[in-house]
Amino acid sequence: MSSYLGAMQISVRDRMAFDAHFASRTFGRNRISRLRAGYQHVTRLPSRKPRGHGQFNLLYLTRGEIDMRSHVRSGLFGAGEWMLLDNQRGYDFASSEDCECFALYFDEAWVRQQLPSIELAMQRQTSASAEWGSALQSGLSAIAGNFGRATDPLHDYVAFEQIPRLLGLACGVYNERTSVYQDDRFGQVLAIVREEFADPDLGLDAVAGRIGLSRRQLSNVLRANGTTCGREIQRARLDEARRLLASPRCGSLSIGDISASVGLLDAAHFAKLFKCCFGETPSEFRARRAQEQD
């Protein structure tokens, strides 16, 4: 544990008042930890371990919010949501006050046997409302609920082993019909979307041209992974907009400014998309976050 924490840089607002509760248990080469703490800013430094000897981290939030930045995804994550991280690459996040999360640490060699396309799963963020997302959330909730209780160790171990498979199904990468070629192209699509979502003109034609595919070929690749180009672009834009709305540093920006900065030039349309995705308008979300941060 000391070597793990040694790879982190942690800062808090008030060291004397900071309170945290941490517990951990192991499952063979894997581990699950529970952390409940106040605001903290954490930077996980990249690991120098050779590829194949690293560790992946599935973070599941049960309370509060986390503003995450990693090499594949950035955005605001709330209670009931999860994110998959590669500890080899490092990451950076800031938590809200009174935040609780469960972290499942997977040995790289072990998890690749369960989920060979784990890099693709990292790029695909899903929600608990998705078909297999609800199953994954139920599995994570069950493991979290049993944490610290006197339960059958074998049952817990078997449940833990199912999480990577459920993750693959929830992210749409545990699909035998999807070829390696399609997986590679799909990863390229997601990388382009993450880099260029702020361009209002970004669309199917632009992305297809970047990776050398026709519109039809690209549509087939996306369809095989259960998504569309427009859906991925919209998801990237709304994730970034939510992060900006939650940031005190962006408090002087209007809703229209934030909408335009993520590539959505019609502020009214942006507000409708935001409410449909997150259940509240941009103004309501910003007001709630400001109240929580006071």
Side-chain angles (χ1 to χ4, degrees), residues 1-15 18-27 29-79 81-112 115 118-126 140 143-144 147 160 163-164 167 171 187 190-191 194-195 236 239-240 242-243 246-247 249:
M1 178 57 64
S2 59
S3 61
Y4 178 78
L5 293 177
M8 289 185 169
Q9 296 176 346
I10 304 174
S11 61
V12 300
R13 290 195 177 106
D14 186 342
R15 293 184 179 182
F18 181 72
D19 185 33
H21 302 273
F22 178 85
S24 180
R25 61 183 298 193
T26 58
F27 294 85
R29 291 177 292 175
N30 306 307
R31 176 165 52 88
I32 179 172
S33 299
R34 177 178 63 187
L35 173 65
R36 183 170 181 178
Y39 169 85
Q40 55 182 324
H41 180 243
V42 177
T43 299
R44 163 85 188 187
L45 303 176
S47 170
R48 296 182 179 179
K49 291 182 179 180
R51 178 55 69 186
H53 298 273
Q55 193 177 63
F56 288 88
N57 178 6
L58 180 62
L59 203 62
Y60 175 58
L61 271 69
T62 56
R63 183 192 300 266
E65 293 177 325
I66 284 181
D67 186 359
M68 173 65 69
R69 287 184 175 274
S70 72
H71 75 287
V72 292
R73 290 196 64 83
S74 297
L76 198 66
F77 297 82
E81 296 182 304
W82 57 83
M83 63 205 80
L84 182 63
L85 305 167
D86 182 356
N87 286 349
Q88 294 282 88
R89 302 294 294 271
Y91 48 83
D92 180 276
F93 71 81
S95 70
S96 63
E97 293 290 350
D98 194 16
C99 183
E100 181 182 61
C101 67
F102 287 81
L104 285 70
Y105 302 95
F106 301 120
D107 173 79
E108 181 177 358
W110 178 85
V111 77
R112 286 189 185 280
L115 183 60
I118 191 167
E119 283 84 4
L120 195 57
M122 292 177 64
Q123 296 169 340
R124 294 289 307 277
Q125 180 64 29
T126 186
L140 292 170
I143 290 177
F147 195 91
F160 191 93
I163 295 300
L167 178 65
C171 294
L190 295 180
R194 286 194 307 274
E195 293 173 0
D239 282 348
E240 177 64 8
R242 187 166 70 151
R243 188 189 70 81
S247 174
R249 297 179 181 179

May I ask you to test the N87-Y105 pair for a side-chain heavy-atom distance under 4.5 Å? yes
Donor-acceptor pair, E100 side chain versus R36 backbone, under 3.5 Å? no
Atom CZ in R44, atom CZ in R89: separation rounded to 0.5 Å? 13.5 Å
Can you find a heavy atom in the side chain of I32 that is under 4.5 Å from one in the side chain of S24? no
Give a yes or no answer on whether the side chain of S96 reaches the backbone of E65 with a donor-acceptor pair at less than 3.5 Å. yes
Measure the shortest side-chain to side-chain distance between L167 and L115 over non-hydrogen atoms and say whether it is less than 4.5 angstrom. yes
Can you find a heavy atom in the side chain of V42 that is under 4.5 Å from one in the side chain of D92? no
Residues Q40 and S95: side-chain donor-acceptor under 3.5 angstrom: no
So how far is it from M122 CE to S70 OG, rounded to the nearest 0.5 Å? 6.0 Å
Drop me the distance from W110's CH2 to Q55's CD, to the nearest 0.5 angstrom. 12.0 Å
Are the side chains of S33 and F22 in touch, meaning some heavy atoms are under 4.5 Å apart? yes
R63/D98 ion pair, N-O < 4.0 Å: yes
Closest non-hydrogen atom pair between L76 and A246, with its separation: CD2-CB, 3.6 Å
Mind checking the CD1-CH2 spacing from I163 to W82? Nearest 0.5 Å is all I need. 10.0 Å
If you round to the nearest 0.5 Å, how far is CG of L85 from CG of L58? 8.5 Å
Treating D67 as the side-chain partner and A94 as the backbone partner, does any N or O pair qualify as donor plus acceptor under 3.5 Å? no
Evaluate the side-chain contact (heavy atoms from CB on, under 4.5 Å) criterion for residues E81 and I66: first the C-alpha distance (whole Å), next the side-chain angles of each, then the deciding distance (0.1 Å), finally the verdict. CA-CA 10 Å; E81 296 182 304; I66 284 181; over 6 Å; no
Hey, what do you get for CZ (F56) to CG (L84), rounding to the nearest 0.5 Å? 7.0 Å
Contact summary for F77 and L61, nearest pair of heavy atoms: O-CD2, 3.4 Å
Only one of N57, T43, D86 clears side-chain contact (heavy atoms from CB on, under 4.5 Å) with Y91; which? N57
For Y39 versus F18, what's the shortest heavy-atom pair and its separation? O-CE1, 3.6 Å
